[in-house]
There are 2 protein chains.
Amino acid sequence: MNDKKNVQIGELAKRLGITTRTIRYYEEIGLMGPPERLGGGTRTFNKDDILRLKFILKLKELGISLNEMQELAEHFDIHKQDFDTITPKLIEILDLHISKVDEKIANLSSLRHEIVDYRLRIMDILNKK
Amino acid sequence: MNDKKNVQIGELAKRLGITTRTIRYYEEIGLMGPPERLGGGTRTFNKDDILRLKFILKLKELGISLNEMQELAEHFDIHKQDFDTITPKLIEILDLHISKVDEKIANLSSLRHEIVDYRLRIMDILNKK
DNA sequence: ATTTTACTTGACCTTTACGTAAGAGATATG
DNA sequence: CATATCTCTTACGTAAAGGTCAAGTAAAAT
Ligand SMILES: [Zn+2]
Ligand SMILES: [Zn+2]
Ligand SMILES: [Zn+2]
Ligand SMILES: [Zn+2]
């Protein structure tokens, strides 16, 4: 049994409902930073690592792309791992996202209108036959 | 000069604001059917071809994927090229799309709500410091 | 000690709708 | 005829976010 609090990749993935590939991928693109390793090379994740990963997943849920997160990460203090140091940059990004979402909603609404119209015209054609 | 009404690919693309690659691609995946060719192999498109292409672009505008169009195309009478033979299948697909769009709108709306909430919580943290 | 999991890196696969050469042939114009 | 401009096919590249092997190690359990 592990007496340290550190967790291996499989366990962590299971906990968060993602795959190990995902975690390695986030590390690969620099979102996660290199974790500590055991003697043999096995990754172990500490509490901060886990918090960071959860934070990433939260942002993803909010529709923020990994790319955007990378830009965002540049504004985190790299040496402090706590997220009390969230800068106004995050607010900025969230605001930008709110307006993007608004825009998408507007586009979809007018798309919906168009589809309905088109549908009606086709129904007319069918009925007049 | 061409005294026939048939048009070559470059001209057609320019007219419709797409690229020649797009037209060849639609043919490649079977959306467009092989056009007539000149002696040397150059494609020429007649009125019906053009109508069909415009129809495809219209559906694309409505958010219907090429894949869906292929399924749709299976329900067209392959030998008749007129679009009076639009079957109820198109209506079906449009209806499906309307509900998909509705779903997307709903998702985006709740996403927006979440983002705003999250933003507020962060603002709180920043202000209490 | 040995089997059974778990983990490692690397590399190729997936989807969608084309973009972008490369190299060769065709068409239009001077 | 020469030249410029199309057009042809073939085939690899692209973005996003991982999925899916494969071959080789390490850790955990028996
Ligand atoms: Zn974004
Ligand atoms: Zn209307
Ligand atoms: Zn669809
Ligand atoms: Zn709320």
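What you are looking at is a predicted structure, and each value in this text was computed from that prediction instead of being measured. Residue numbers begin at 1 in each chain, while the letters A, B, ... track the order of the sequences.
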Atom CD of Glu11(B) and atom P of dA26(C) are separated, to the nearest Å, by 22 Å
If you take all heavy atoms of Asn6(A) and Glu36(A), which pair is closest and at what distance?
ND2-OE1, 3.7 Å
Could you state the CD1-C1' distance from Ile18(A) to dA16(D), rounded to the nearest angstrom?
16 Å
Can you check whether Lys60(A) has a side-chain N or O nearer than 4.0 Å to OP1 or OP2 of dG18(D)?
yes
If you measure from the Lys or Arg side-chain nitrogens to the Asp or Glu carboxylate oxygens, is any gap between Arg119(B) and Glu114(B) under 4.0 Å?
no
Between Arg37(B) and dT9(D), is there a contact of a side-chain N or O with OP1 or OP2 at under 4.0 Å?
yes
Is any NZ, NE, NH1 or NH2 atom of the basic residue among Glu27(B) and Arg37(B) found under 4.0 Å from an Asp or Glu carboxylate oxygen of the other?
yes
Report yes if at least one side-chain N or O of Gln8(B) is closer than 4.0 Å to OP1 or OP2 of dT27(C); otherwise report no.
no
Please confirm whether the shortest side-chain N or O distance from Asn67(B) to OP1 or OP2 of dT16(C) is below 4.0 Å.
yes
Are the charged groups of Glu11(A) and Arg15(A) less than 4.0 angstrom apart, N to O?
yes
Reckon Thr19(A) has a side-chain N or O less than 4.0 Å from the OP1 or OP2 of dG18(D)?
no
N or O in side chain of Tyr25(A) less than 4.0 angstrom from dG19(D) OP1/OP2
no
When we call it a touch if two heavy atoms are under 4.0 Å apart, what does Thr20(A) touch: a base, just sugar-phosphate, or nothing?
nothing
What is the separation between atom CZ on Arg21(A) and atom P on dG10(C), rounded to the nearest whole Å?
11 Å
Report yes or no: is there a donor-acceptor pair, N or O only, under 3.5 Å between the side chain of Arg43(B) and the base of dT7(D)?
no
Categorize Lys14(A) for me: base, sugar-phosphate, or nothing, with a 4.0 angstrom heavy-atom threshold over every strand shown.
nothing
For Tyr26(A) and Ile9(B), take the nucleotide of DNA chain D holding the closest heavy atom to each; which residue's nucleotide lies nearer the 5' end?
Ile9(B)
Considering every strand and a 4.0 Å limit on heavy-atom distances, what is the contact class for Leu66(A): base, sugar-phosphate, or nothing?
sugar-phosphate
